[in-house]
Amino acid sequence: MSRYWNSLVAKLDPYVPGEQPRIQNLIKLNTNEHPYGPSPKVLEAIKAQTNDSLRLYPDPTALELRQAIGRRFNLVPEQVFVGNGSDEVLAHVFHALLKHDQPVLFPDITYSFYPVYCGLYEIQYKTLPLDAHLKIRVEDYLPSPGDRNVGGIIFPNPNAPTGSAHALGDVERIVAANPDVVVVVDEAYVDFGAQSAVSLIDQYPNLLVVHTLSKSRSLAGLRVGYAMGHPDLIQGLDRVKNSFNSYPLDRLALAGATAAIEDQAHFEATRDAVVRTRGMLTQGLEQLGFEVLPSTANFVFARHPARDGALLASALREKNIIVRHFKKPRIDQYLRITIGTDEQCAKLLEACQSILNGSAVRSIGN
Ligand SMILES: *Cc1c(COP(=O)(O)O)cnc(C)c1O
């Protein structure tokens with residue numbers, strides 16, 4: 001607290017990112033990064049841009065990248081907005097497209113950045129509880145007749161940190177039932193097995209779909225995300241972006257992101273490898289007695305009925321393996337484990353086995 005802070009800054013409750021420790025030989029399964037590197041074509045494209053042209057500003061409209069995304073998803077560039085990571089895209093979405101004086105709806109257990117943006121932009125919000133299986137209750141997002149007290153809706157599909165997805169029909173019901181507000185589907189993990197809502201964009205002017213290159217394109221370090229929707233929504237985002245930072249993507253990011261979107265073969269091969277490993281990890285955890293929620297993401301959300309989640313996470317850490325643990329009601333017994341390489345996942349299973357056999361972690365109630 002400082003007397004130089006204004007009243008808004010004083011009451012912010014900022015997001016806490018998963019840690020990025022500098023420890024050698026660490027098995028890092030805590031922030032859902034891709035275990036395999038980005039396409040070699042991405043690296044070539046970036047290298048080709050490391051020259052004199054860096055003295056020039058990048059294209060403020062990011063046209064080439066937006067065209068590449070458009071080609072990939074059958075959209076025109078006017079339906080595509082790009083930003084410095086999907087976190088920045090989401091920030092502009094909260095600022096520009098969700099109402100500030102009527103509550104924005106999102107699940108109680110979801111991406112924990114959403115309430116942070118609401119704090120930053122002084123947006124009212126209402127959280128809706130997941131059901132007993134930690135799934136979104138679609139009915140909760142269908143307004144009852146006469147209820148106009150909704151400022152917008154946002155949810156990830158698949159949800160984070162549970163990994164559970166809804167079918168396209170469920171998403172469409174929510175979009176169709178709320179024509180007067182924007183419905184944002186945050187598809188950060190959609191490539192790992194869920195159905196994208198992109199195909200509905202031409203039909204619903206209130207639908208915005210947000211993607212990131214951080215997870216399935218293995219480019220968390222490049223910071224590129226994008227939103228797709230009706231040109232009116234994209235223009236609203238552009239107005240905010242151009243009132244904030246005209247050049248959110250630098251020349252290297254633009255070149256790398258465009259190459260990433262264009263290399264479909266590398267994307268599919270590495271994504272398929274992660275999905276295969278997810279199956280093996282799920283099976284291995286279940287054999288050790290874990291309950292694993294069905295996942296369509298590049299992580300699993302699992303708990304052990306006899307072991308405390310926080311203690312399990314710290315015991316793994318002592319073995320140089322980090323996973324994510326949330327000290328939040330309803331999910332504090334779970335670990336969110338990023339799908340690593342086969343070898344990393346085998347080591348994780350080995351470590352879990354030895355923790356469960358040993359006395360390092362006491363059972364709940366002992
Ligand atoms: C990782 C993640 C993001 C942010 O991705 P960046 O593009 O790296 O900023 C957004 N939403 C969800 C649900 C995520 O898990």
Side-chain angles (χ1 to χ4, degrees), residues 15 32 62 65-66 68-70 72-75 77-98 104-107 110-118 120-121 123 125 136 141 151-161 163 165-166 168 171-172 174-175 178 181-192 194-202 204-217 219-220 222-241 244 248-249 253 257 260-261 296-298:
Y15 179 75
N32 298 342
L65 174 57
R66 287 168 45 239
I69 295 167
R72 171 82 190 84
F73 293 100
N74 246 327
L75 301 169
E78 291 72 27
Q79 291 171 298
V80 182
F81 176 83
V82 299
N84 191 250
S86 64
D87 284 340
E88 186 189 76
V89 173
L90 289 167
H92 291 334
V93 169
F94 276 81
H95 208 169
L97 300 179
L98 301 177
V104 170
L105 308 182
F106 49 83
T110 193
Y111 189 38
S112 45
F113 227 134
Y114 301 158
V116 175
Y117 296 129
C118 290
L120 178 61
Y121 297 119
I123 297 171
Y125 67 93
I136 288 170
Y141 296 82
I153 293 172
I154 181 165
F155 57 89
N157 194 41
N159 195 13
H166 280 275
L168 190 56
V171 175
E172 182 168 12
I174 296 173
V175 177
N178 292 279
V181 294
V182 175
V183 177
V184 184
V185 188
D186 180 353
E187 295 188 337
Y189 302 104
V190 75
D191 293 326
F192 297 103
Q195 287 175 291
S196 175
V198 170
S199 60
L200 302 176
I201 283 174
D202 285 334
Y204 296 99
N206 63 322
L207 168 65
L208 192 79
V209 178
V210 179
H211 282 189
T212 174
L213 300 200
S214 297
K215 313 288 170 42
S216 59
R217 302 271 173 175
L219 284 170
L222 202 64
R223 311 305 303 131
V224 183
Y226 53 96
M228 297 168 286
H230 190 281
D232 288 352
L233 301 185
I234 303 306
Q235 271 181 35
L237 292 171
D238 268 329
R239 288 171 71 89
V240 165
K241 173 231 157 199
F244 180 82
L249 295 192
I261 293 292
T296 46
N298 69 335

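Quick caveat, the model's predicted, so the values are computed rather than measured. In this chain, numbering begins with 1 at the start of the sequence shown.
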Name of the residue among Ile174, Val185, Asn157 meeting side chain to side chain contact (heavy atoms under 4.5 Å, CB included) with His166: Asn157
Using the side-chain hydrogen bond (donor to acceptor under 3.5 Å, both in side chains) criterion, which residues pair with Tyr111? Sequence neighbours excluded. Asp87
Distance (rounded to the nearest 0.5 Å) between [X] [atom1] and [Y] [atom2]:
| X | Y | atom1 | atom2 | answer |
| --- | --- | --- | --- | --- |
| Thr296 | Asp191 | OG1 | CG | 11.0 Å |
| Leu208 | Ile201 | CG | CD1 | 7.5 Å |
| Ile69 | Gln79 | CD1 | CD | 12.5 Å |
| Asn178 | Leu105 | CG | CG | 7.5 Å |
| His95 | Leu98 | NE2 | CG | 11.5 Å |
| Ile234 | Glu78 | CD1 | CD | 10.0 Å |

Less than 4.5 Å apart, any side-chain heavy atom of [X] and any of [Y]?
| X | Y | answer |
| --- | --- | --- |
| Val93 | Leu237 | yes |
| Phe155 | Asn159 | no |
| Phe192 | Lys215 | yes |
| Tyr114 | Leu90 | yes |
| Ile154 | Phe94 | yes |
| Leu200 | Leu168 | yes |

Main-chain N/O of Leu249 paired with Asn84 side-chain donor or acceptor, under 3.5 Å: no
Main-chain N/O of Gly83 paired with Glu88 side-chain donor or acceptor, under 3.5 Å: no
Could you report the tightest heavy-atom contact between [X] and [Y], atom names first, then the distance?
| X | Y | answer |
| --- | --- | --- |
| Leu213 | Ala257 | CD1-CB, 3.5 Å |
| Leu219 | Ala260 | CD1-CB, 3.5 Å |
| Val82 | Ala62 | CG2-CB, 3.5 Å |
| Gly236 | Ala96 | O-CB, 3.8 Å |
| Pro107 | Tyr141 | N-OH, 3.2 Å |
| Glu187 | Ala197 | OE2-N, 2.7 Å |

Centroid separation under 6.0 Å, is that true for the rings of Phe113 and Tyr117? yes
So, do Phe106 and Tyr125 have ring centers that fall under 6.0 Å from each other? yes
Please tabulate, for side-chain N and O atoms in residues 223-233, each donor-acceptor pair with protein atoms closer than 3.5 Å (sequence neighbours left out).
{"residue": "Arg223", "atom": "NH1", "partner": "Ser214", "partner atom": "OG", "Å": "3.4"}
{"residue": "Arg223", "atom": "NH1", "partner": "Ala220", "partner atom": "O", "Å": "3.4"}
{"residue": "Tyr226", "atom": "OH", "partner": "His211", "partner atom": "ND1", "Å": "3.1"}
{"residue": "His230", "atom": "ND1", "partner": "Asp232", "partner atom": "N", "Å": "2.9"}

Quick one, Tyr189 with Asn32, criterion side chain to side chain donor-acceptor pair (under 3.5 Å). Give me CA distance, side-chain angles, the key distance, then yes/no. CA-CA 9 Å; Tyr189 302 104; Asn32 298 342; 2.9 Å; yes
